[in-house]
Student: 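Could you have a look at this structure, given as structure tokens, before my questions?
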Amino acid sequence: MADPLSCSATDLLPLLGGAPNATAAATFICSRFSAVSSQLSAATYAIDNTYLLFSAYLVFAMQLGFAMLCAGSVRAKNTMNIMLTNVLDAAAGGLSYYLFGYAFAFGITSGSIAERTQFVAYLIYSSFLTGFVYPVVSHWFWSGDGWASAAKSDGDLLFGSGVIDFAGSGVVHMVGGIAGLWGAFIEGPRIGRFDRTGRSVALRGHSASLVVLGSFLLWFGWYGFNPGSFLTILKSYGTKGAYYGQWSAVGRTAVTTTLAGSTAALTTLFGKRFLAGHWNVIDVCNGLLGGFAAITSGCAVVEPWAAIICGFVAAWVLIGLNKLAEKLKYDDPLEAAQLHGGCGAWGVLFTGLFANKGYVNEVYPGRPDRPYGLFMGGGGRLLAAQMIQILVIIGWVTATMAPLFLALHKLKLLRVSSEDEMAGMDMTRHGGMAYIYHDEEENSNWSQFKMSRIEPRNTSTPDPTVHL
Amino acid sequence: MAAMSCSSEQLASLFGPNTTNAAAAADYICSQFTVVSDRFVDTAYAVDSTYLLFSAYLVFSMQLGFAMLCAGSVRAKNTMNIMLTNVLDAAAGGLFYYLFGFAFAFGAPSNGFIGRHFFGLKDVPTSSFDYSFFLYQWAFAIAAAGITSGSIAERTQFVAYLIYSSFLTGFVYPVVSHWFWSADGWASAANTGNLLFGSGVIDFAGSGVVHMVGGIAGLYGALIEGPRIGRFDHSGRAIALRGHSASLVVLGTFLLWFGWYGFNPGSFTKILSPYTSGNYYGQWSAVGRTAVTTTLAGCTAALTTLFGKRILSGHWNVTDVCNGLLGGFAAITAGCSVVEPWAAVICGFVAALVLIGCNRLAEKVKFDDPLEAAQLHGGCGAWGIIFTALFATEKYVNEVYPGKPGRPYGLFMGGGGRLLGAHIIQILVIIGWVSATMGPLFYGLHKLKLLRISEEDEMAGMDMTRHGGFAYVYEDDAHKHGIQMRRIEPSPNTAL
């Protein structure tokens, strides 16, 4: 890094001494340098804050994307319900002081338990997840004090390495995915998802347009999520030439992100064509997102060609986990546990294999000779640390969220009644349907077209034939 | 701009003979200046990278806009198909442009026709090209391929789509962008050796390079595969096959507008560049002006279309206005940085009329383009190229393309006819190159029966026959036939 500007009049004076009014000359010169230094400092703050703020706005766009993805993936009768969970997700996230990822772990989880979960359960688990479970994990891996952090400032790094989870394949995606896994597992599959012979029946989402729209918005927002995790852009690395600095690493991170997602999408396209016989845009979108979830961990520390490998494998991990889920009769409407949990875990391992020496030392400076990717000649210690991350996240999230979901289940606060599930939660709990494509006819029996007060009754479901 | 170079020897010699240690004093002072200079250099790189990256993200968001525009413009039964083409566009483009597209386009040093360095981003970053530049150019490349998909929507086999899209993004488009945008390109206005007609072509953000390429490719695809079933009846009268969602069309259009603020102003690739030292006017001003000309052209085109169609067809039509708006943007894209804002108003006005005229012509010759892509991008793009050659101002041209004083500029601004000559060449050459590459490709696909889908598939809709089911399921009906996604068995009648 460039030397700091430090002009000291007392140092300069003896060198000028003898020149008429040398003191004044030295003071004059140094004060100008001081002014320049202040201006440069101010410029740096302005630039870094601009960069970070705009990255944050992009990350916020992911809320919109996830809302559309969820909405499109569930049946029309549950659209309002799931979108409300997404809005609250964003609002709750806004109240906390984390800009990144805070609200996402919740969003991911809500996908797994969509279409059959009581709203009160959402509120309880989301507060717990975002208020406690997730922050503890992010402390372990991202804080300067965290026991497993690669950026740990004093003391030993875990295995001399620390965990490299740059933007959160583990911290965000695995946490959300594993939490979702427990929720979906404890409350069981949606009615009709597996028939009596155990065969799986696709409960299709109601709008492929919303799924694609949501996926593209998530892709767009990921450019804030991954490169933005550098937090600052104005930093010279002092290697390779003046043109190379943290700004290059930021750009490279956007490129690795793009390549992983693109490769995962293409792999899924052809993989599903081969396995299922048709071209499926929904599957391609999920594959795309799996690629992003995977590259999130190592996006800053791998070469672009490695990102292609990451995406390729992520696509197969997702396809495989979906097959497994079907076999085990596990129902996750957004494939969230498989995508975020599974591809997230792959991403964590991938980083332990492909992290490049130069990039690791740029992104986590101050500890030369630290371990890096196994396949890049960096030994096995980073991989070992990454494995610890996976185990510890699974353990922690299980120990916290599983008992919570179990307790909610026992208290009958988790799943909605089967009448509510069949009618759809928008109708029974959110005041009416999300879509009204035909104007009411005069003598219509379809009372659900009017948004109106839902009177609490003894039974859990209002009588749908009553004109409200 | 004054250079920040401090020479210790020079400074030391200026100190009086009473100075204790002139050399050391000079060194001290000069080293401080060196630090300052380095910090400024870093600052400029950071600022410019931020600017370019965020512009790239905006251009990427146009994919989303185009996906929504396409989805809304086709019938519901083909929605999944067209959206998949848009997703694949971006994904396949990512891979191929990384592997070789970027190299063909910007590989340097190279000849005037095609680049031959930076395959797989080898040797990047350099002092001229960083990752942010690659990402920005990738976002442009996938835009071009997206345009073509609109012309052949609702009746094209998915495999044909994969083939033409890879070829367009990986080869046809990069070569064109090399000619007009690379410093080595034979027709580029930034060519350091010889300029075409002493001028070079000014196609700042790609009315020709992107819009005409995409539009002409689409023209061939749509021409060779013919109109959709039912588009022209037995008496030859045109029947509107309306898209299924005006909301998606408007949403998509707005997103494209939003993204255009990355597409046009972002093409400066740098923002921290003073034109004269210490002045409030610098490249940042030109960037802002470019955003303004973009806005004015689109707005004028939209309003002109609104009233034009009201007169011609008797009603206020939001989808036509959206198309007019986009035509205005496609046209201003060539000259957005080198014309005055008032000229952008003229650009948009004429673009609207060009689009209406091209649509009439299309109807007359029974050309069916579900997104009007060939008319909009091809037609309005070509108008934009001509417009630039008429209205480019001397001042702006020399700011944006410095280093060759006395160069030609807009005909109507007193700059002579050589820029217009170069631009006419651009139009001819793009039409020729795209015809020579995409024409035979589409024709070959057609001969191999890989281009158009069967009649039964077209009537049923491709989502049903090839994509596993309909895009929209508004009623929960586990028992209704056809709603379930299931394995599609290939049948002897339906092609791949």
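The sequence lines fix the lettering, A, B, ..., with proteins before strands; numbering per chain opens at 1.
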Student: Can you tell which part of B:Met83 gets under 4.5 Å to a heavy atom of chain A, answering side chain, backbone, both or neither?
Tutor: both
Student: Going through the distances and angles, do B:Asp463 and A:Val281 end up as a side-chain contact (heavy atoms from CB on, under 4.5 Å)?
Tutor: CA-CA 10 Å; B:Asp463 291 359; A:Val281 68; over 6 Å; no
Student: Which answer fits A:Pro227, side chain, backbone, both or neither, if we ask what part of it has an atom under 4.5 Å from a heavy atom of chain B?
Tutor: side chain
Student: Can you tell me which portion of A:Ile233 sits under 4.5 Å from chain B's heavy atoms? Options are side chain, backbone, both or neither.
Tutor: both
Student: Under 6.0 Å between the ring centres of A:Tyr223 and B:Phe60?
Tutor: yes
Student: Please step through side-chain contact (heavy atoms from CB on, under 4.5 Å) for the pair B:Tyr472 and A:His206, ending with a clear verdict.
Tutor: CA-CA 5 Å; B:Tyr472 301 100; A:His206 80 278; 5.8 Å; no
Student: Is it the backbone or the side chain of A:Leu259 that comes under 4.5 Å from a heavy atom of chain B, or both, or neither?
Tutor: side chain
Student: Compare every heavy atom of A:Cys7 with every heavy atom of B:Gln32, then report the nearest pair and how far apart it is.
Tutor: OE1-N, 3.5 Å
Student: Determine whether A:Leu269 and B:Leu84 make a side-chain contact, defined as any pair of heavy atoms from C-beta on separated by less than 4.5 Å.
Tutor: yes
Student: Counting heavy-atom pairs under 4.5 Å to chain B, which of A:Trp219, A:Trp305, A:Tyr244 comes out on top?
Tutor: A:Trp219
Student: Below 4.5 Å from any heavy atom of chain B, which atoms of A:Thr258 appear? Answer side chain, backbone, both or neither.
Tutor: side chain
Student: Any idea how B:Tyr45 and A:Trp247 line up, ring-wise: parallel (<30°), tilted (30 to 60°), or perpendicular (>60°)?
Tutor: parallel
Student: Which pair of heavy atoms, one from B:Tyr131 and one from A:Pro304, lies closest together, and at what distance?
Tutor: CE2-CG, 4.2 Å
Student: Do A:Phe33 and B:Val35 come within less than 4.5 Å of each other through their side chains, counting heavy atoms only?
Tutor: no
Student: Got a second to check how far B:Leu95's CG is from A:Leu266's CG, nearest 0.5 Å?
Tutor: 6.0 Å
Student: For a side-chain contact (heavy atoms from CB on, under 4.5 Å) check, start with the C-alpha distance between A:Val250 and B:Ser49, then their side-chain angles and the critical distance, and finish with the verdict.
Tutor: CA-CA 9 Å; A:Val250 164; B:Ser49 292; over 6 Å; no
Student: Using 0.5 Å steps for rounding, measure from the CG atom of B:Leu272 to the CD1 atom of A:Ile47.
Tutor: 7.5 Å
Student: Name the option with the most non-hydrogen atom pairs under 4.5 Å to chain B; the candidates are A:Leu217, A:Leu288, A:Thr253, A:Thr263.
Tutor: A:Leu217
Student: Counting only heavy atoms closer than 4.5 Å, note whether B:Ser31 contacts chain A via side chain, backbone, both or neither.
Tutor: neither
Student: Of the backbone (N, CA, C, O) and the side chain (C-beta and beyond), which part of A:Thr256 lies under 4.5 Å from a heavy atom of chain B, both, or neither?
Tutor: neither
Student: Could you look at A:Phe270 and say if it's the side chain, the backbone, both or neither that has a heavy atom under 4.5 Å from chain B?
Tutor: side chain
Student: Who among B:Thr126, B:Thr79, B:Val41 has the most heavy-atom pairs with chain A under 4.5 Å?
Tutor: B:Thr126
Student: Counting only non-hydrogen atoms closer than 4.5 Å, does B:Leu121 touch chain A with its backbone (N, CA, C, O), its side chain (CB onward), both, or neither?
Tutor: side chain
Student: Please rank A:Cys285, A:Gly245, A:Cys30, A:Ala242 by heavy-atom pairs under 4.5 Å with chain B and give me the top one.
Tutor: A:Ala242
Student: How long is the span from the OG atom in A:Ser207 to the CG atom in B:Leu248, to the nearest 0.5 Å?
Tutor: 7.5 Å
Student: First locate atom CG of B:Leu135, then atom CZ of A:Arg252, and finally report the distance between them rounded to the nearest 0.5 Å.
Tutor: 13.5 Å
Student: Report which part of B:Ala92 has an atom under 4.5 Å of a heavy atom belonging to chain A: side chain, backbone, both, or neither.
Tutor: both
Student: Pick one of side chain, backbone, both or neither for A:Tyr51, based on which atoms fall under 4.5 Å of a heavy atom in chain B.
Tutor: both
Student: Applying side-chain contact (heavy atoms from CB on, under 4.5 Å), run through A:Thr44 and B:Asp42 and close with a yes or a no.
Tutor: CA-CA 10 Å; A:Thr44 304; B:Asp42 292 345; over 6 Å; no
Student: Within this structure, what is the CD-CZ distance for the pair A:Gln39 and B:Arg39, rounded to the nearest 0.5 Å?
Tutor: 12.0 Å
Student: Which bit of B:Ile29 is near chain A, if near means a heavy-atom gap under 4.5 Å: side chain, backbone, both or neither?
Tutor: both
Student: In terms of heavy-atom pairs under 4.5 Å with chain A, which of B:Ser132, B:Ala71, B:Ser127 leads?
Tutor: B:Ser127
Student: Among the options A:Ala265, A:Ala254, A:Gly241, A:Ala46, pick out the one with the most heavy-atom pairs lying under 4.5 Å from chain B.
Tutor: A:Ala254
Student: Can you tell which part of A:Val284 gets under 4.5 Å to a heavy atom of chain B, answering side chain, backbone, both or neither?
Tutor: side chain
Student: Quick check on B:Thr50 against chain A: is it the side chain, the backbone, both or neither that has a heavy atom closer than 4.5 Å?
Tutor: both
Student: With a 4.5 angstrom heavy-atom cut-off, could you sort out which part of B:Phe54 is near chain A: side chain, backbone, both or neither?
Tutor: side chain
Student: Side chain from CB out, backbone as N, CA, C, O: work out which of these in B:Val87 comes under 4.5 Å of a heavy atom of chain A, or both, or neither.
Tutor: both
Student: Quick one: pull up CZ in A:Phe220 and OG in B:Ser61 and give me the separation to the nearest 0.5 Å.
Tutor: 5.0 Å
Student: Given that the side chain runs from C-beta out, which part of A:Leu234 has a heavy atom under 4.5 Å from chain B: side chain, backbone, both or neither?
Tutor: both
Student: Please state whether the side chain, the backbone, both or neither of B:Tyr28 comes within less than 4.5 Å of a heavy atom of chain A.
Tutor: side chain
Student: So, for B:Ala90 and A:Ser262, which heavy atoms are closest and what is the spacing to 0.1 Å?
Tutor: O-OG, 3.9 Å
